[in-house]
Each structure stands twice: as C-alpha cells, then as structure tokens.
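Down below is the structure, laid out as structure tokens.
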Amino acid sequence: MNARGLDLAQLRTFLAVTEAGSVSGAAERVFLSQSSVSEQLKKLEERIGQPLFVRSKQGVAPTPAGAKLVEHARRIVAMCDAAFDDMLGRSLDGELRLAITDYYRPHDVAAIIRRFASQHPRLRLHVTVLPSAVIDAGAHDDMFDIGLSLRMVDAPSSRANRAATPGSAAGARQSTVIRREKLVWVGARETLREHGSLAPPWPLVLLPSTCQLQRYVVKLLERARMPYLISHSASGVAGLQLALKAGLGISCLNESAIGDGVEACPASFGLPALPAAEFHLLPGRPGENPQVSHAREALAALLG
DNA sequence: AGGTTGTCCAACCGAGCCTG
DNA sequence: CAGGCTCGGTTGGACAACCT
C-alpha cells in the first residue's frame, strides 16, 4: 500500500458502509466479514486522521469528514470502474434509451441513474417513465433499449412469463427479477391516526387505468365486494404520493414508494390481502447491440 | 536465467467481548 | 439484544536468498 493517498478497496468498503448505514450491512454487500469491514474502516480513519463515522447500536452515521469523503470516493470509484471498462473495451458510448416504471424506488432511482451515468461518461442516457404495461408491450418494439417494469407476483402475465420456456414464441428470453417488494394499502399518517378507521365506501387515490397495479386494486375490491369511490386521479406515482399525503384517500403502493407522511393502513380496516410485486428487467431483443447487453448487466448490478 | 524455499506482512475470518 | 470492536489464528502474495 502507498504511504500516501487513498486505498481503492477501502474506499469501496467505505461507500458500502455509507450506503448500508451499518458495518454488518456493508459486509454483506462487499462479501467480507463484519470484522474485516470494521478493520478496513479503522485503517482508512487512521490514514485520514479523523473519524469518518459515528457508531451506535442502530448502525453508523457519517461525520462531517465522512460526508465530505463520500463525494470524493464516489468520483474515484466511478472513474476507476470507467477506466477498467474502457481498457477491457466495455466502455459504453452512444445513446441508451431506458424505460422505467415510476414505482421503482422513487427515492433512490435518480441517484442510481446518476451513478450509472458517471460510470459511463460518454453515454447519452435518455430515461422515460412509462406505465409497466406499456413497457412490457413495447418489449419487442424499438421504443427503448432497456425496460424495467413492475409485475404482481400472482398476476397472470407474471405467471405466463415465469412459465415461458426458452424457444417459445412469447418468452424465448426471460426477464430478470431484480427486486421483490411487498404491496401495502397506504393512507395519510394523520388521517389514519386521527380517525383510526375509515368507513366504506373507500376513497381511492388512483393512477389512470393504464396502470396495471391500479386496475388490479379495483378488481380486488370488486371481487371482495367492498364499496369504493375514486376520490382522486393522479398522473404518476409522485402525484399519487402527494394526494395520499394530503389525505385524499387510500391506495396501494410497493414498500419503496411509500413517501413521507404516508403509512400502511391498519389490519383493522379489513382491506383485501395484496400480493408481492417484482421489478423485471426486460430481456434483450434478438440481435441486440452487445453494448446494450453490457449496459443491461451493469444496470442490473446497480438496480438490485 | 529460471525454479524453489523461507520469511514477512497485509488481509481475512471467527470467537468473544463491549456498549447503549 | 443488536451492532461494533478486538484478538489470535490462517492464508496468500511479495520478495529476497539460494540452488540447479
């Protein structure tokens, strides 16, 4: 190791700790033991000459020095990865069109895409937010290069996809499940706590019927013979979150899309049980540019 | 010059301990 | 009890010394 400067492995571990919020969580990410991560942090702190994290039983939080180092570390690691890919002839350039559902980790997705873009500075990234049904339907068109859609685990389209065998017309290539989350009924925290219960008909905050999750919710309530009224229609998940927070009604969201001021409805409401949701990275089209295939692999590593 | 051996040291791990 | 730290043992890479 150099007598001066920063060690790349330690910086990667440092970033993993920052992102995981704990030493043990970071250990899983970087495939080391908790003690090894702790020792690497200690060495990095000794080298820098000041503590980078405040330790507690809830995990770790960056000190001002730690927060300062995060930005440097991200740039250094991204530049290193980009240089490595470039030397292997895997550097991405040109235009890449990404279609993504807005249910996917709304609070993190911008940072993930920014990190992807910084790893591939020559890439011109074009991101479009679309309903999952549109993304799935466009899988065979030339609307986008890489698609990320949401599917309910017990929904027929999902089952069909899972059952697809290589060589079959519809599912010659399998999509990749990159994340699985619970779906939950949600409403404004204040409304739920103040009233304790809501009376039917259930006021629903929904997206347009092009959203398969919202169609699913309506079908579920109708099947359970639970009266509802659509109290607010939003154009996207961000609008849905605002309407929920304002107490305009209840809706169904995946865990990572639950925003501030919104929380799960209590079981006492008796709302129907919801399935899990999966985020699918659509497979490449036949004859796809190898660069797009590589971009898909790189994105899958970041999106998980 | 190239191969083998011995030594050093950094990195890792698991166990046990500490702390709030 | 969960999460982090410390310690002792193990492993593997780097390097010098030695041998063929």
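In what follows, chains are A, B, ... by sequence order, proteins preceding strands, each numbered from 1.
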N/O contacts under 3.5 Å, protein versus nucleotides 14-17 of chain B?
unit_1, atom_1, unit_2, atom_2, d
B:dG14, N7, A:S35, OG, 3.4
B:dG14, O6, A:S35, OG, 3.1

Any [X] side-chain N or O less than 4.0 Å from OP1/OP2 of [N]:
| X | N | value |
| --- | --- | --- |
| A:S38 | C:dC5 | yes |
| A:R55 | C:dC5 | yes |
| A:K42 | C:dT6 | yes |
| A:S22 | C:dA2 | no |

What's the [atom1]-[atom2] distance between [X] and [N], to the nearest Å?
| X | N | atom1 | atom2 | answer |
| --- | --- | --- | --- | --- |
| A:Q40 | B:dA10 | CD | C1' | 11 Å |
| A:R12 | B:dA11 | CZ | C1' | 17 Å |
| A:L44 | B:dA10 | CG | P | 16 Å |
| A:L52 | C:dG4 | CG | P | 15 Å |
| A:R47 | B:dA10 | CZ | P | 11 Å |
| A:K43 | B:dC9 | NZ | P | 14 Å |

Taking the side chain as every heavy atom from C-beta outward, state whether A:L96 and A:F116 have any pair of such atoms under 4.5 Å apart.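 Yes, side chains in contact.
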A:L148 vs A:I135 side-chain heavy atoms within contact, under 4.5 Å: no
Can you run down the salt bridge (charged side-chain N to carboxylate O under 4.0 Å, His left out) pairs that involve residues 210-223 of chain A, sequence neighbours left out, and say none if there aren't any?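 Pairs touching residues 210-223 of chain A that pass the test: none.
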Do we get A:R151 above A:Y216's six-membered ring, with its NZ or CZ under 6.0 Å from the centre and within 45° of the axis? no
Candidates A:I146, A:L125, A:D142 - the one meeting side chain to side chain contact (heavy atoms under 4.5 Å, CB included) with A:R97: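 The residue from A:I146, A:L125, A:D142 that satisfies side chain to side chain contact (heavy atoms under 4.5 Å, CB included) with A:R97 turns out to be A:D142.
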Show me the donor-acceptor pairs, under 3.5 Å and distance only, between side chains in residues 243-255 of chain A and residues at least two apart or in other chains.
unit_1, atom_1, unit_2, atom_2, d
A:S251, OG, A:V205, O, 2.8
A:N254, ND2, A:Y103, O, 2.9
A:N254, ND2, A:E181, OE1, 3.1
A:N254, ND2, A:S256, OG, 3.3
A:E255, OE1, A:K182, N, 3.4

